[in-house]
Every structure is written in C-alpha cells, then in structure tokens.
Amino acid sequence: MRRTWWIYLIGVLGLVAVAAPFLWMVLGSFKTQGELLRVPPTWWPNEPTSQNYDDLFSKANFPRYFLNSTLVALAVTAGNLIFCSMIGYALAKLNFKGRNALFVLVMATLMIPGMVTFVPLFVLVTNAGLANSYPGLILPFLVSPFGVFLMRQFFLGLPDDLIDAGRVDGTSELGIFARIMLPLTRPALATLGILTFLGSWNNFLWPLVIAQTEDKYTLPVALALYSTGQNAQNYGLLMAGAVVVVVPVLVMFLAFQRHVTKGIAITGLK
C-alpha cells in the first residue's frame, strides 16, 4: 500500500512539472506587459485582458499563418495515410521480387538522421522550382518511413484468408485493399494520422528555409520571428501566439488519444 502511495505521488509531481509551464503560458497570455515583468511574478492575472489576442489577430498576420499551417499539416497527413497504407499493404501482403530488399531500404532510411538528407533535399526542391511554395512545403513529407513500417506491421497481423476470399469473389486487388483490408486498419490509421499531423504542425526548420516570403510562413516560423526584433519584448503577444500554436494539437490529441493508444498497442502485439 505504501509503495502504491509513492507511485501516485511521483505521478502527480511529474504531471505538475509538465503542466505548470503550459498553464503559466496560458495565464500569461491574459496579462499586461507590466504584470508579466513584475517582480515577484504573479500566477493569476490581476486584470485579465484579451488585448494580446486582439493584437495577434489584428496587427499581425496570424490568421494567414494559421491557414498555412493547417493546409500543410492536413495535406501531409492525407498523403501519409494514403501512400503509407498502400506501400505497407504491398510489403505485407503482395508477393513480388525484391519485396524484402525494399523493406530493408525503408528501414535504412528510417535510421538515417534527418539532418543528413536536409541539404540534398533542399537543393532538390529548389532546383525543381518549388521553393517558397505550398508544394515545396508538402511534397517532401507525403510519405514517411515510420508510416510505412507502422502500416506494414499492422497489415501483417490481418489474416490472408480475407484476401483469398475477395479474390474468389472476383474483387480486384485495389478493391480488396480499399474495401476489405483498409477498413480493418482504423486504429493504425488514426495513430499514423495524429502523429503525422503533430509532426507537420510543429515542423520548424524546413518551413523556415523554404518559405521565403511572409505569406508562406507557418505558425512556428512566424512565432519564432516574432520573438526577435521589435516584438522581442512583447511577451504577452508571444505567449498568446504560443497558445494558438499549442491548443489545436492538444485538443486533437485528447480527442483521439484512445485511438493512438489502441493503435500502438495492437501494432506492437503484431
């Protein structure tokens, strides 16, 4: 009993350590600049104000940045759900020459650090004329090695009898994949979708070098740029911007947390 009590205590302390900075950021976004600089600092706003959010959406071009982040994240997520599931199905259920070698190649790319391929990818995208464009922000991330691996492992756990039954009924290979096998992978698709969306939404370095004009900035890039220069001392504006960046993905994760846990657990058992 005493051991269980200590486990709960450590869990609560860990939760406080993780949640406290986020709560401070949210409360700080409703404080004035003077209160944010006050010593000793205050926890709750003495005079709550929404001026920081008003400035964020009126003076800054944050609605445009929010739209850019949403468009890029949704496109990247949709591409991964489509292409990773197709490649994973082929590697798991279709017999063709070089299948194992192709899977080894996918795993090899998974183990290569992203910074190693960053410069060649930038040169390739630039030479293709896709710099400072939505395709340049989206196309390099439409397929991920992790997504292929995740979907392959899930498809391996599905019985081959379903495929044989579909072929006996005269269903095409594409029909077997789309109408029989794919609906059974909803937990894995939900996991892949959420993880891909979070990764794309929070991506900073690639949009920073590809987006060369302000109308192509995503939220992380815009927030980083607003932390320098004339807005460097406007902490309330920065905190409001950080809340705008964090809240959508937090809500999405909490809404689909059950699917993420189920998908990872089932895939691990396969």
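Computed from a predicted structure; not experimentally measured.
Linking Ile, Leu, Val, Met, Phe, Trp and Tyr whenever their side-chain heavy atoms come within less than 4.5 Å leaves Val104 and Val143 in two separate clusters. Phe154 and Leu94 fall within the same hydrophobic cluster, where Ile, Leu, Val, Met, Phe, Trp and Tyr residues are linked whenever their side-chain heavy atoms come under 4.5 Å apart, directly or through other members. Hydrophobic clustering (ILVMFWY, side-chain heavy atoms < 4.5 Å, transitive): Phe96 and Met107 are in one cluster. Linking Ile, Leu, Val, Met, Phe, Trp and Tyr residues whenever their side-chain heavy atoms come within less than 4.5 Å places Leu23 and Val251 in a single cluster. Both Met181 and Ile82 sit in one connected hydrophobic cluster of ILVMFWY residues. Membership requires side-chain heavy atoms under 4.5 Å apart, directly or through other members.
The ring of Phe62 has its center closer than 6.0 angstrom to the ring center of Tyr65.
Note that CZ of Arg152 is 13.0 Å distant from CD1 of Ile87, once rounded to the nearest 0.5 Å. Atoms CG and CG, on Asn100 and Leu105 in that order, are 12.5 Å from each other to the nearest 0.5 Å. Atoms CG and CG, from Leu184 and Leu158 in turn, are 5.5 Å apart once rounded to the nearest 0.5 Å. For the atom pair Leu174 CG and Tyr89 OH, the distance stands at 9.5 Å (nearest 0.5 Å). Note: Phe30 CZ to Met239 CE = 12.5 Å, rounded to the nearest 0.5 Å. Glu173 CD to Ile163 CD1: the interatomic distance, rounded to the nearest 0.5 Å, is 7.5 Å.
Asp161 is linked by a salt bridge (Lys or Arg N to Asp or Glu O under 4.0 Å) to nothing, counting only residues two or more places apart in sequence or in another chain. Partners of Glu214 according to the salt bridge (Lys or Arg N to Asp or Glu O under 4.0 Å) rule, which considers only residues two or more places apart in sequence or in another chain, do not exist here. For Tyr217, there are no ring-ring contact (aromatic ring centres under 6.0 Å, His included) partners at least two apart in sequence or on another chain.
In the displayed structure, Met25 atom CE is contacted under 6.0 Å by more than 12 heavy atoms of other residues, nucleotides or ligands. Counting heavy-atom neighbours within 6.0 Å of Arg179 CZ, excluding the residue itself, gives a total of 12 or less.
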List the atom pairs, with distances to 0.1 Å, where a side-chain N or O of residues 199-208 and a protein N or O form a donor-acceptor pair under 3.5 Å, not counting sequence neighbours.
| residue | atom | partner | partner atom | Å |
| --- | --- | --- | --- | --- |
| Trp201 | NE1 | Val245 | O | 2.8 |
| Asn202 | ND2 | Leu198 | O | 3.1 |
| Trp206 | NE1 | Gly136 | O | 3.0 |

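Residues Asn52 and Ser29 bring no donor and acceptor atom of their side chains to less than 3.5 Å of each other.
For the pair Thr32/Gln51, no side-chain contact is recorded, criterion being any heavy-atom separation below 4.5 Å from C-beta on. By the 4.5 Å heavy-atom criterion applied to side chains, Leu192 and Cys84 are counted as neighbours. Contact annotation: the side chain of Phe197 approaches that of Leu74 to within less than 4.5 Å [non-hydrogen atoms, C-beta and beyond].
Nearest heavy-atom pair, Ile176 versus Gly166, reported as atom, atom and distance to 0.1 Å: CD1-C, 4.0 Å. Minimum heavy-atom separation, Pro183 to Ala178: CD-O, 3.4 Å. In plain terms, the two heavy atoms of Lys93 and Phe155 that are nearest each other are CE-O, 2.8 Å. Summarising the geometry of Ala75 relative to Leu142, their closest heavy-atom pair is O-CD2, 3.7 Å, with the distance given to 0.1 Å. Ala131 and Gln212 get closest at one heavy-atom pair: CB-NE2, 3.9 Å. Here the shortest heavy-atom pairing between Leu182 and Ser85 reads CD1-CB, 3.9 Å.
With hydrogens and angles ignored, the 3.5 Å screen pairs no side-chain donor or acceptor of Thr185 with any backbone N or O of Ala188. A side-chain donor-acceptor contact under 3.5 Å links Asn80 to the backbone of Phe141. In this structure a side-chain-to-backbone donor-acceptor pair under 3.5 Å is missing from Ser50 to Tyr53.
Grouped by direct or indirect side-chain proximity (heavy atoms under 4.5 Å, Ile/Leu/Val/Met/Phe/Trp/Tyr only), Val116 sits with Ile112.
The side chain to side chain donor-acceptor pair (under 3.5 Å) contacts involving residues 118-140 comprise Arg64-Tyr134, Asn68-Tyr134, Asn132-Thr213, where partners must be two or more places apart or lie in separate chains.
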